[in-house]
There are 2 protein chains.
Amino acid sequence: MARRAKPANNATIIDVANLAGVSYATVSRVVNNKENVAPATRVRVLAAMEELGYQANLNARRLVSGRSYAIGLLVHNLMGPYIGEIMAGIDDVLATSNYELMLFTTHQRREREARYIDLMSSGMTDGLILILPRGLETYIRSLRQRHFPYVLVDHRGFEPTDLYVIAANWQGAYDATQHLLQLGHRRIGMITGVIDMDNARERVAGYQAALEAHQVHFDAELFVEGDYTQLSGVNGALKLLSLADPPTAIFASNDVMAFGVLEAAHACKLRVPQDLSLVGFDDVPMASWTQPRLTTVRQPLVEMGRLAAELLLRTLEDPEHQKQGIVVPAELFVRQSTAPANGGRGATVDVVNGAAAWAEAGSNVV
Amino acid sequence: MARRAKPANNATIIDVANLAGVSYATVSRVVNNKENVAPATRVRVLAAMEELGYQANLNARRLVSGRSYAIGLLVHNLMGPYIGEIMAGIDDVLATSNYELMLFTTHQRREREARYIDLMSSGMTDGLILILPRGLETYIRSLRQRHFPYVLVDHRGFEPTDLYVIAANWQGAYDATQHLLQLGHRRIGMITGVIDMDNARERVAGYQAALEAHQVHFDAELFVEGDYTQLSGVNGALKLLSLADPPTAIFASNDVMAFGVLEAAHACKLRVPQDLSLVGFDDVPMASWTQPRLTTVRQPLVEMGRLAAELLLRTLEDPEHQKQGIVVPAELFVRQSTAPANGGRGATVDVVNGAAAWAEAGSNVV
DNA sequence: ATGAAAGCGCTAACAA
DNA sequence: TTGTTAGCGCTTTCAT
């Protein structure tokens, strides 16, 4: 017979049945709120449950029902303000459901993909939300093949039936760029996100479309790829500002890179917004704590998490019902980091010294 | 007979046994790497597993073993840079173990306490890490009573046997305050954290001890309670700066409040560090992105998460072995937000206008 | 070295 | 309305 190592709380359905003087099937009925239980019996059973502090064994339930009552969240990494907000939204929705949340990260290790897929298909979760994990395509392929329910955040997937929640990246980028154009800027640099992600590509397209709409020539020189880190924002800005004909405005594909631009501008003795206008993307809380406050495109991250969770839960409840991806609006918030282009440049750019100053100051950062 | 709703992947141990021509007990032995299996048999079973893509049903395992192979993380909320880093550390350790991570938040809702305790005792997790959830004392009481393993982060608990990981808050605060004193500051304001948390109290004590060591009178006027939000930093600073004899330096109990101080100082036209020195606590990534870079006390959050996970895992493996709480060092990083006190005040403080300016600018923040 | 079999705690079909 | 019973897929004794 199996070795006992049961959970601390050990009253089982049988103990309750004995105490209440009924069969344990009846207890099960009471626990699951079934119809056919005499009111008096129900009361008696409830009392017995109360007395014993009965708590249904979750794993037995899971085994017999074939469901885990958990959903998984697969993310690349946990740092940064972006993930936390989406998680908060997901958690919000789950709090009102019977589902719990499991967290999986992909990290550096590519070989974990297979393990996760196995875990899920072995009954660890009933469905999955994927937020831009590396190796997304591999995951999705396995998931589809197993008919395992999933929802993507910030990516539209690869098949028309893929479920996703994404912001209106194109529109947001278009609005941001147009805002700069309307302020009179003509040389607008862009620091992109990781370019093989849907969101990054869409923002680039929006930027280009706005330029085109205003008959501004797209100059490839003004276009640098970043990776959503602050450092890549610093480096991107330094590169842009050292051009022979530097931009008077920069659109960074996320706020964290915009913080990097702020730092680079400061190192180059450029004032934002007087000498350089700057727009970010995301509107993380910190965007309104910087000096100057950052003009940025808000991506409603908490809401996106919420929608993703709802979409997944609905899929679990009713797999047949036809659902589709959701695009949420991305809204430009004009704060203090943008100003009219001042014709000539407001200050001479000395990027060489700026970069040196930055490197020196940066050495304080351990 | 029970309705079928098994996981997508449906090869069971019996299928494997049939294919390999052995009993399913033998398959179990192979799966669990037991000794007594003939090499040839093992090979045959392995091949059958491979062929069928067999994956042990986790919930059956959980039921029979009485363990969930999951640990829970209970936090108050998910936003902000603090939690993400600790989670990353925990995840790091779990990645090399057989455990998965479940996430629970307490949010606003106090009534969820009971639910969580139930979930845990019903076998959802094998152990718990608690990061300053509201209602901590209630949780701990239930947990102890059920002999459920747990580790606290950033709190020392209530019993000598409580396991915890915490930074050397007292020392960190002492060093921060001493740094300011050595720069010649004598009126040093402090914005505290939520004062019923251990970490906040310890930082206050360190601040007071440093003042005392330097024979500086502790002035209750210079002491305001914050709640770790940026807004409370703004308000605390505004209050301090409007004193008849305002501080020349402020020690904020976390970086986020220090960002608020930065904002308030800017609104009051005070330069940091020339007119006001500022020290934070935590050293979140953003602390080195502000202008000026923030002098702060680093709390090794990722490492703390890692240690907490290791402590819990060791407890699960060997419940008897005597373990104890861990205090990690908190180190002062001097960057750009502190400077020598300049005798007289460098600028006149106009807090009334400053506050007005701040309120107006703040209205941009939706 | 291997097989047979007894549960783990529960759900749900079937009978009464 | 209630009880009886057959599993869910697995681990682990106990025989062989």
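Every heavy atom of this structure was used, including side-chain atoms; hydrogens, water molecules and symmetry mates were not. Labels below follow one simple rule: chain letters A, B, ... track the order of the sequence lines, proteins then strands, and each chain is numbered from 1.
- In the set dC10(D), dA1(C), dG9(C), the nucleotide with an atom closest to the side chain of Asn36(B) is dA1(C).
- Relative to the side chain of Val64(A), the nucleotides dC8(D), dG9(D), dG3(D) differ in distance, and dC8(D) lies closest.
- The listed nucleotides are dC10(C), dT1(D), dA12(C); the one nearest the side chain of Tyr54(A) is dC10(C).
- Within 4.0 Å (heavy atoms only), Asn32(B) reaches sugar-phosphate atoms of the nucleic acid but no base atom.
- As rounded to whole Å, 13 Å separates atom C1' of dT2(D) from atom CZ of Arg42(A).
- When rounded to the nearest whole Å, the span between CD of Gln55(B) and P of dG9(D) equals 14 Å.
- Comparing dT4(D), dT11(C), dT2(C) by their nearest atom to the side chain of Ser23(A) picks out dT4(D).
- Here Lys34(B) reaches the OP1 or OP2 of dT12(D): one of its side-chain N or O atoms lies under 4.0 Å away.
- Under 3.5 Å, the side chains of Tyr82(A) and Asp154(A) contain a donor-acceptor pair of N or O atoms.
- Nucleotide dC8(D) holds its P atom 13 Å from the CD1 atom of Ile13(B), rounded to whole Å.
- Using a 4.5 Å heavy-atom cutoff, the side chains of Asp162(B) and Arg156(B) are not in contact.
- Note: CG (Asn33(A)) to C1' (dT11(C)) measures 15 Å, nearest angstrom.
- Between Arg144(A) and Thr161(A), some side-chain heavy-atom pair lies under the 4.5 Å cut-off.
- Checking Pro39(B) against Asn59(A), the closest nucleotide of DNA chain C that is more toward the 5' end is the one next to Pro39(B).
- Tyr150(B) pairs by the ring-ring contact (aromatic ring centres under 6.0 Å, His included) definition with nothing, not counting sequence neighbours.
- Residue Arg67(B) contributes atom CZ, which lies 19 Å from atom P of dC8(C) at whole-angstrom precision.
- In this model, the phosphate group of dT2(D) is approached by a side-chain N or O of Thr41(A) to a distance below 4.0 Å at OP1 or OP2.
- Val22(B) comes within contact range of the sugar-phosphate backbone alone, with a heavy-atom separation under 4.0 Å but no base atom that close.
- Taking the C1' atoms of five terminal pairs at each end of the helix from dA1(C)-dT16(D) to dA16(C)-dT1(D), the two resulting helix axes are inclined by 40°, rounded to 10°.
- Along DNA chain D, the nucleotide closest to Tyr24(A) and the one closest to Arg29(B) are compared, and the more 5′ of them pairs with Tyr24(A).
- Taking the charged nitrogens against the carboxylate oxygens, Glu317(B) and Arg314(B) have no contact shorter than 4.0 Å, which rules out a salt bridge.
- Applying side-chain contact (heavy atoms from CB on, under 4.5 Å) to Met102(B) and the options Leu73(B), Thr125(B), Leu74(B) leaves one that passes, Thr125(B).
- Side-chain proximity of Ala38(B) to dA1(C), dT1(D), dC10(C): nearest is dA1(C).
- Checking each of Leu143(A), Leu152(A), Ile71(A), Leu312(A) against Leu128(A) for a side-chain contact (heavy atoms from CB on, under 4.5 Å) leaves exactly one that passes, namely Leu143(A).
- Heavy atoms of Ser28(B) sit under 4.0 angstrom from at least one base atom.
- Closest to the side chain of Arg61(B), out of dT2(D), dC10(D), dG3(C), is dC10(D).
- Within the 4.0 Å cut-off from OP1 or OP2 of dG3(D), at least one side-chain nitrogen or oxygen of Thr26(A) is found.
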| said: For a side chain to side chain contact (heavy atoms under 4.5 Å, CB included) check, start with the C-alpha distance between Ile166(A) and Val328(A), then their side-chain angles and the critical distance, and finish with the verdict. | reply: CA-CA 6 Å; Ile166(A) 198 169; Val328(A) 300; over 6 Å; no
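- The side chain of Leu63(A) has dG9(C) as its nearest neighbour among dC10(C), dT11(D), dG9(C).
- One atom, CG of Asn57(B), and another, P of dG7(D), lie 17 Å apart when rounded to the nearest Å.
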